[in-house]
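The next block holds one structure in the form of structure tokens; read it before the comments.
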Amino acid sequence: QEPGVFADGQVGRQAPGVFAEGQVGRQALRVADGQVDGAAMADSAKLMEQFEGTAHGHQVPSSGWRICLAHEFAEKRKPYKASDVSAYDVVKYLALGIRYLRWWYRKTHVEKKCPVIDLFNPLPLRQIYGCPLGGFGGGTITRGWRGEFCRWQLNPGVYHYKTVVADQFTVCLRRKGRTVYQQVLSVERPSVLQGWNWGYCSHYAFYHALYPRAWTVYQLPGQDVVLTCRQVSPIIPHNYQDTSLPVGVFVWELENGSDEAVDVSIMLTLRNGMGTKEDKRGGHWNEPFSLEKEGARVLGSSLLHPAGANPAAGTGVTHFTAFNPAGTGQAVWQDLLQDGRLDSPAGKGSLTEKGEVTAAAVCATCTVPAQGHRTLELGLAWDMPRIHFGSKEKLHLRRYTRYFGSAGDACPALSHYALTHYEQWEEKIESWQRPILESSHLPPWYKSALFNELYFVADGGTLWLELPPEACAEDVQGPAGAGLSQIFPVLREYGRFAYLEGQEYRMYNTYDVHFYASFALAMLWPKLEISLQYDIAAAVLNEDTQPRLYLMNGQTAQVKLKNVVPHDIGDPEDEPWQRVNAYLIHDTAGWKDLNLKFVLQVYRDYYLTQDTAYLQDMWPVCQAVMDLELKFDTDDDGLIENSGFADQTYDAWVATGASAYCGSLWLAAVCVMCKVAGIVGDGEVLQKYSAIRRKGAEAFERLLWNGKYYNYDSSGGPFSSTVMSDQCAGQWFLRASGLDHSEFQVFPRSHILSALKTIFELNVMGFANGTMGAVNGMRPDGSLDRSSLQSSEAWVGVVYALAATMIQEGLVQEGFHTAEGCYRTVWERLGMAFQTPEAYCQQKLFRSLAYMRPLSIWSMQLALESRACQGSSSA
């Protein structure tokens, strides 16, 4: 891994700044008109009830997630871990537990690597996170809602959950040549840097997030000064250049409400490192720099293991090259206190010795006239262009190196670019978000959820890599992928994209989960979705014959079979893409959903992009996976059967025989095969799958429909009649792909409506009084299905997909109410902002923080847009 470089500095119009880091009850259903019920309003208001200030901040939007810095979440939940397994399940899965323990010990103690799933060390809930900084694939840095820099993802798939005390903003106010106020803008009172004035009054500040931007408003007590810090990251739909950049910008809006001018200085301090033991290895140094380009000069201080400013008229930029972040910090504090500026010594700082740590500071200063307003800009960039995965077999270059090189010296240039382009980014972000934010038909919580859940596309351990210059087609398609004619040009032009299943479930592009999350990419960055699909297609056509022990059944089988969709494309501790299927609980060659989800996504992507070359390339792959899937139709009734183990995305919830979930996905995929066969003119395949569709649809209704909903499965067991919230998954994807009429209406609409209404009555309104979304499984008598852990959980991503299905079918109010329960639970009750989990129970427990699947909320937006288009057409 390349060393890191942190830089700080400023670029300006009125007052620039840059900090870069681098090398180194149905009564509540009034939503159609934008109203929300009183209880929900009360939940939201709780986040701000501690705010004692009067300031609104500078141009802070009304939509988003807003919280007073003094807020404390009353509910403290625990993560599910091995000790929470019931005594019954301990006995039932004893052999699995022994095999897992052996594997876990070998991985952690012998190989010294992180296991892809660590049941012994789940992430604890820290109710502190805010918007992450940075684009896709270059690493991210998360700043908490109280202002701390607290989550670092700079190495591929590796997170450091460490609050670095020295990383702070400080404000200094001077009137008539005298410093009247100097304060670290932090509510904390740490044991280090005690020469600084800590403990900002949290009741006079609030945080507001609308990803990819966030605002923190500080009302300075007794000063008639309000500071609004706006954080901007270059997350721009359909942009494949700037969206890759490892940068963020802090725009400080300074408002002076007094009758005399005030000199305002904003100082940013940053430790050289992430607060880990690597900071003390020695050989780190800090160094000021200057970069002039296209009429803008960037000044700053680089932290090498560089940031910048382009001073405008009336703005001063100063720096403090090095101080000890483990000491009192008195020198840098007194330097600022003396005259609101830093001494700016020339030359680089000395190298640290082993055991030493160092930090630097940059300061921007301007005069704000009486009753006036001024702006200061500071930026943050980091440059870690060359990466290795855990196996260290191959060198990879990040996407942004296409534009800024791979030498590891790009922080000044990145800083300069960010500070001279962020206004354009904001114009594009506002243009994208405005139609949604201004819609009076959408409830406020939805607007917040839709955009804020997008954080995971950047902060999901995300990779966006360039193909190496010497790469050829066979390098990406493998020995058996020659038929993928467009894979090489697509990957060459748009790179390779991957994100983790979750920050705790560390497998890239987990495909059964991406099925839900993929709407975000397909709608906003479709070229990345198509790139990802090509990589999956290549993996489908190739195999890995290495034998492996699977933990659930204790049997040995090969890692990857030909013509089977992989579970994932690899472990960041290994070599993703080269070795797939890091998941080893089950042999997923026997899973029933993966192949079907590939076929469904292929057509959905084509429907949204109209990319015919992509469809032509994927058609043989679709045929291959569907031909293999046919072996699961063991009785030749046109409907596949589950095999009596947890053989789908619900990997701890057993299904036997025909099942609502896999059966609906199968019939939807069969419909897609008919549709695509018609498009490409393949009459033989059309005839084949048309016959299967007719047989399968009849079997599905006969075996599973009970007059109100589709049974969980056809086994006739004690939990066979469970109401599954995800039973209409196939219909969801068909409607999302425009296949909702004539021969493609495979499920009777009256049955779908009845099933959805039953789910709403039982799984939604019968679960926590309708306030927590939909539980996965509910018995017909209104009791929870406790046959497995997963049946009694609510999965946020599944709830959003269910809400989309309801909206598609005209149950708009029910859909919004269902999804609202999840949002308010996660973001307002449990303090899980910017770490939305896979699952939570009604009480006490949650599982797998910061998870991919909740990106499915974008399928709600697609459903709303489709309804709007249909309404326009009807009109």
Side-chain angles (χ1 to χ4, degrees), residues 480 483 511-512 515 536-537 539-545 547-548 550 552-553 555-567 580-581 583 585-603 618-651 653-674 676-677 682 684-700 702-704 713-715 729-730 733 746:
Y511 200 70
D512 56 301
F515 173 73
I536 293 293
V540 167
L541 298 173
N542 290 282
E543 62 180 342
D544 183 344
T545 59
R548 180 165 66 187
Y550 287 95
M552 181 61 74
N553 58 18
Q555 297 177 4
T556 299
Q558 72 181 60
V559 171
K560 168 68 177 61
L561 289 177
K562 185 179 176 65
N563 294 339
V564 174
V565 172
H567 174 273
V580 303
N581 278 352
Y583 178 84
I585 306 296
H586 297 279
D587 177 5
T588 58
W591 276 20
K592 307 306 181 291
D593 60 339
L594 288 168
N595 287 3
L596 309 176
K597 289 173 174 177
F598 177 79
V599 173
L600 290 169
Q601 286 186 78
V602 164
Y603 184 73
M618 295 297 167
W619 177 233
V621 188
C622 290
Q623 293 180 71
V625 300
M626 287 295 284
D627 286 347
L628 188 142
E629 190 83 8
L630 277 168
K631 73 179 184 181
F632 298 127
D633 179 9
T634 57
D635 55 6
D636 195 32
D637 65 351
L639 189 64
I640 63 169
E641 286 82 40
N642 292 84
S643 302
F645 71 99
D647 51 0
Q648 25 70 36
T649 194
Y650 298 89
D651 60 351
W653 194 1
V654 173
T656 302
S659 71
Y661 183 67
C662 291
S664 73
L665 292 174
W666 163 253
L667 289 177
V670 168
C671 283
V672 163
M673 293 298 288
C674 295
V676 179
D682 195 329
E684 184 178 345
V685 172
L686 175 58
Q687 185 176 2
K688 173 183 175 179
Y689 281 98
S690 294
I692 293 172
R693 184 186 68 219
R694 288 190 292 271
K695 279 201 307 181
E698 187 278 329
F700 187 78
R702 172 170 46 84
L703 293 170
L704 296 169
D713 66 21
S714 65
S715 67
F733 238 77
V746 66

Between Lys688 and Asp682, is there a salt bridge with N-O shorter than 4.0 Å?
no

Qualifying residue, where the test is side-chain contact (heavy atoms from CB on, under 4.5 Å) with Leu665 and the options are Ile640, Val670, Leu596:
Leu596

Distance-only, no hydrogens or angles: does the Asn553 side chain make a donor-acceptor pair with backbone N or O of Gln555 under 3.5 Å?
yes

Carefully, step by step, assess Thr556 and Tyr550 under the rule side chain to side chain contact (heavy atoms under 4.5 Å, CB included).
CA-CA 6 Å; Thr556 299; Tyr550 287 95; over 6 Å; no

Under 6.0 Å between the ring centres of Phe515 and Phe733?
yes

Which heavy atom in Cys662 sits nearest to a heavy atom in Ser659, and how many Å separate them?
N-OG, 3.2 Å

Considering the options Asp635, Asp636, Asp637, which one meets the salt bridge (charged side-chain N to carboxylate O under 4.0 Å, His left out) requirement together with Lys695?
Asp636

Shortest non-hydrogen separation from Ser643 to Lys592 and the atoms involved
OG-NZ, 2.9 Å

So, taking the atom named CG in Asp587 and the one named CD in Gln558, what distance separates them when rounded to the nearest 0.5 Å?
8.5 Å

Spell out, as yes or no, whether a donor-acceptor pair under 3.5 Å connects the side chain of Ser690 to the backbone of Leu686.
yes

Distance-only, no hydrogens or angles: does the Asn595 side chain make a donor-acceptor pair with backbone N or O of Val564 under 3.5 Å?
no

Ignoring hydrogens and angles, tell me if any N or O in the side chain of Ser714 forms a donor-acceptor pair with the backbone of Leu703 under 3.5 Å.
no

Rounded to the nearest 0.5 Å, what separates atom CD1 in Ile536 from atom CE in Met618?
9.5 Å

Regarding Asn642 and Thr656, is there a side-chain donor-to-acceptor distance under 3.5 Å anywhere?
no

Roughly how far, to the nearest 0.5 Å, is CD of Glu641 from CZ of Phe632?
11.0 Å

I'd like to know whether CD of Glu698 has more than 12 heavy-atom contacts from other residues, nucleotides or ligands below 6.0 angstrom.
yes

Identify the two heavy atoms, one from Lys597 and one from Asp512, that lie closest to each other, and give their separation to 0.1 Å.
NZ-O, 3.2 Å

To the nearest 0.5 Å, atom CG of Leu667 lies from atom CZ of Phe700 at 6.0 Å

Closest non-hydrogen atoms of Val746 and Ala697, given as atom of the first, atom of the second and distance, are CG2-CB, 3.8 Å

Do Asn563 side-chain atoms and Ala624 backbone N/O form a donor-acceptor pair below 3.5 Å?
no

Scanning both residues in full, the closest heavy-atom pair of Ala668 with Gly730 reads CB-O, 3.5 Å

For Asp633 and Gly638, indicate whether the former's side chain and the latter's backbone hold a donor-acceptor pair under 3.5 Å.
yes

Has the side chain of Gln648 got a donor or acceptor atom that lies under 3.5 Å from a matching backbone atom of Val654?
no

Run through Val599, Val672, Ile692 and flag the one making a side-chain contact (heavy atoms from CB on, under 4.5 Å) with Met626.
Val599

Step by step, work out the side chain to side chain contact (heavy atoms under 4.5 Å, CB included) result for Val621 and Phe598.
CA-CA 9 Å; Val621 188; Phe598 177 79; 3.7 Å; yes

Does the side chain of Glu629 reach to within under 4.5 Å of the side chain of Trp666, using non-hydrogen atoms?
yes

Run the side chain to side chain donor-acceptor pair (under 3.5 Å) check on Thr649 and Asp593 step by step: do they pass?
CA-CA 7 Å; Thr649 194; Asp593 60 339; 4.7 Å; no

Carefully, step by step, assess Val625 and Val540 under the rule side chain to side chain contact (heavy atoms under 4.5 Å, CB included).
CA-CA 8 Å; Val625 300; Val540 167; 3.5 Å; yes

What's the spacing between Cys674 SG and Arg694 CZ if we round to 0.5 Å?
8.5 Å

Minimum heavy-atom distance Val685-Gln623, with the two atoms named:
CG2-OE1, 3.5 Å

How many angstroms lie between atom OG1 of Thr545 and atom NZ of Lys562, to the nearest 0.5 angstrom?
12.5 Å

Less than 6.0 Å separating the ring centroids of Tyr583 and Trp591?
yes

In terms of ring plane angle, is the pair His586 and Phe645 parallel, tilted or perpendicular, where the classes change at 30° and 60°?
tilted

